[in-house]
Protein chains: 2
Amino acid sequence: MSSRKSAQRDLTREMIMDAARDLFIVKGYQHVSMRQIAKELGYSHGAIYYHFTNKAELFYALVQKHFGMLEHKLIELAQATLAPREKLEAILLGYIEFGLNHQSHYEIMFLIKDEEVRDYLNQSPIETYELFAQTVHSLSEKQLSIQEIWSIFLSLHGFVTHYLRHVLQYEDVLDMAKAHVQFLLKGIFQS
Amino acid sequence: MSSRKSAQRDLTREMIMDAARDLFIVKGYQHVSMRQIAKELGYSHGAIYYHFTNKAELFYALVQKHFGMLEHKLIELAQATLAPREKLEAILLGYIEFGLNHQSHYEIMFLIKDEEVRDYLNQSPIETYELFAQTVHSLSEKQLSIQEIWSIFLSLHGFVTHYLRHVLQYEDVLDMAKAHVQFLLKGIFQS
DNA sequence: ACCTCATTTGAACAGTGGTCAAATAATAAT
DNA sequence: ATTATTATTTGACCACTGTTCAAATGAGGT
């Protein structure tokens with residue numbers, strides 16, 4: 001009855017990921033179906049399974065991209081021309097900003113406990129944390145121990161997690177975020 | 001064909017909640033179906049809908065109980081005979097212990113983002129946090145501001161959230177938890 | 001014996017993720 | 001130009017989900 005699409009509109013992983021990202025951001029992982037994604041693209045849901053083995057793998061492909069984005073942002077902030085203290089502030093705040101401005105992705109990167117999805121998570125979170133830790137360590141002028149950096153990370157993570165659950169945007173909690181960062185840095189620069 | 005159960009075994013909210021709790025703890029909210037709960041009880045799934053309007057409401061009934069448990073623990077710790085500093089440590093550590101020893105519960109209380117479920121969440125988390133904040137405030141000998149207490153809470157939340165995702169038990173991360181608490185209290189008691 | 005009514009059943013509905021034989025079309029080989 | 005091959009897409013199908021609801025059930029009151 002229906003005919004397959006012409007060659008130039010052949011379905012690609014990129015196309016699927018673009019459509020999926022939009023839907024995931026609006027509705028969240030659990031509330032997006034493979035059929036919805038396919039419909040958005042004008043294909044049948046079966047076609048997606050040709051390009052991705054399942055929903056989790058499709059989602060994880062998106063996640064990997066976003067870990068890359070977070071790393072990019074960290075590097076960018078670390079290269080800014082600011083005093084260490086300001087740079088450190090910017091990085092901690094930048095982490096929160098990233099988390100709240102990419103809520104669906106943060107959720108997948110750090111929150112989804114779903115076994116299906118977790119099986120696809122590999123080294124990405126670890127690598128990204130390593131970068132975070134090293135950057136913070138050097139900016140702290142060696143005053144922060146590994147353990148303290150880890151505590152800072154967990155504390156930022158708690159902030160993001162909490163407000164992400166309440167679906168608030170970064171702008172809505174900017175003051176709170178700044179105060180949280182100050183709290184975490186208090187004592188380090190004896191300010 | 002099948003007949004309704006005899007009067008003394010009439011299905012109650014309590015019975016349903018007990019069966020549901022066990023399943024939720026083992027499998028998590030998303031992977032427990034109403035049919036599974038009903039099967040566990042030897043009833044048809046329709047019967048549950050007579051006692052709970054839907055899955056989310058059933059789940060929330062469980063949540064309320066767990067908030068009660070956490071409050072109970074907080075009060076208990078606050079009444080211990082310890083120096084303020086030690087008491088404060090015990091409370092922060094107690095919070096982490098509760099979170100990691102009741103992972104499914106904590107997940108329900110603070111992590112589930114599902115709209116269906118969230119619609120049933122009312123004042124419980126707020127009330128429990130109020131208790132936490134007041135206790136910490138008085139124990140800090142008025143040295144902690146509202147904002148700082150909130151940051152401490154978020155930082156503890158981050159700790160629990162992270163290790164909960166990796167399904168580690170409290171004992172496995174005890175040293176880490178102690179270090180995290182010390183980090184958060186650093187400066188407050190000028191230690 | 002009859003009635004009432006809270007409780008339970010199970011069929012039905014619209015949706016889900018995932019599978020797969022069959023259909024299709026672009027490309028390579030003849 | 002015709003044929004064979006191969007990558008891609010389709011849609012019926014499966015086993016499942018949460019939810020609804022008319023109908024059946026049976027305990028308690030009269």
Side-chain angles (χ1 to χ4, degrees), chain A residues 1-20 23-24 26-63 108 112-120, chain B residues 1-20 23-24 26-63 108 112-120:
Chain A
M1 4 217 86
S2 48
S3 61
R4 65 170 284 188
K5 307 298 178 294
S6 67
Q8 46 258 44
R9 289 209 67 265
D10 251 19
L11 200 52
T12 62
R13 282 174 71 99
E14 279 301 321
M15 287 167 62
I16 297 170
M17 285 169 70
D18 285 344
L23 286 170
F24 283 138
V26 174
K27 305 182 164 205
Y29 179 73
Q30 297 286 352
H31 294 95
V32 173
S33 71
M34 295 299 253
R35 282 169 178 79
Q36 282 168 32
I37 298 167
K39 198 172 187 177
E40 199 72 24
L41 291 160
Y43 282 77
S44 73
H45 67 281
I48 298 180
Y49 286 92
Y50 181 76
H51 299 277
F52 294 93
T53 63
N54 54 35
K55 190 180 173 185
E57 198 227 310
L58 162 55
F59 208 84
Y60 181 61
L62 250 16
V63 172
I108 301 312
I112 292 256
K113 222 183 97 182
D114 211 315
E115 279 171 42
E116 329 149 35
V117 173
R118 209 180 29 212
D119 289 346
Y120 284 90
Chain B
M1 8 218 84
S2 49
S3 61
R4 66 170 284 187
K5 306 299 176 295
S6 66
Q8 47 260 42
R9 287 210 68 264
D10 253 17
L11 200 52
T12 62
R13 282 174 70 99
E14 280 302 322
M15 286 165 63
I16 297 170
M17 285 168 69
D18 285 345
L23 286 170
F24 283 138
V26 175
K27 304 182 165 204
Y29 180 74
Q30 297 287 353
H31 294 95
V32 174
S33 71
M34 295 300 252
R35 284 170 177 80
Q36 283 168 31
I37 298 168
K39 196 171 188 179
E40 199 71 23
L41 291 159
Y43 282 78
S44 74
H45 63 283
I48 298 180
Y49 285 91
Y50 181 78
H51 299 277
F52 294 93
T53 63
N54 54 35
K55 190 180 173 184
E57 199 226 309
L58 163 56
F59 205 82
Y60 180 60
L62 250 16
V63 173
I108 295 163
I112 294 255
K113 220 185 100 181
D114 214 316
E115 277 170 43
E116 329 146 37
V117 173
R118 208 177 34 212
D119 289 346
Y120 284 88

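Heavy-atom basis, side chains included; hydrogens, waters and symmetry copies ignored.
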Can you tell which of [options] lies closest to the side chain of [X]?
{"X": "B:S44", "options": "C:dT8, D:dT8, C:dG17", "answer": "C:dT8"}
{"X": "A:H45", "options": "D:dT20, D:dT8, D:dA12", "answer": "D:dA12"}
{"X": "A:Y49", "options": "C:dG17, D:dA7, C:dT9", "answer": "C:dG17"}

Within this structure, what is the [atom1]-to-[atom2] distance between [X] and [N], rounded to whole angstrom?
{"X": "A:F52", "N": "C:dT19", "atom1": "CZ", "atom2": "C1'", "value": "18 Å"}
{"X": "B:H31", "N": "C:dT16", "atom1": "NE2", "atom2": "P", "value": "16 Å"}
{"X": "B:Q30", "N": "D:dC16", "atom1": "CD", "atom2": "P", "value": "18 Å"}

Residues within residues 32-40 of chain B bordering DNA chain D, heavy-atom distance below 4.0 Å: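 When residues 32-40 of chain B is checked for heavy atoms under 4.0 Å from DNA chain D, the hits, listed by number, are B:V32, B:S33, B:M34, B:R35, B:Q36.
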
Working to the nearest 0.5 angstrom, can you tell me the gap between B:L41 CG and B:D18 CG? 9.0 Å

Which residues satisfy the ring pair (Phe, Tyr, Trp, His ring centres under 6.0 Å) test with A:Y49, sequence neighbours excluded?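 Partners of A:Y49 by the ring pair (Phe, Tyr, Trp, His ring centres under 6.0 Å) criterion come out as none, since no residue qualifies.
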
Side-chain heavy-atom pair A:L58, A:M17 within 4.5 angstrom cut-off: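 Yes, at least one pair of side-chain atoms sits under 4.5 Å.
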
Quick one: does A:Q36's side chain get under 4.5 Å of A:K27's, heavy atoms only?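 Yes, at least one pair of side-chain atoms sits under 4.5 Å.
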
Using a 4.0 Å heavy-atom cut-off across all strands, classify A:H51 as base, sugar-phosphate, or nothing.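 Sugar-phosphate contact only - A:H51 comes under 4.0 Å of backbone atoms but never of a base.
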
Listed partners of B:R35 passing side-chain contact (heavy atoms from CB on, under 4.5 Å), at least two apart: B:S33, B:H45

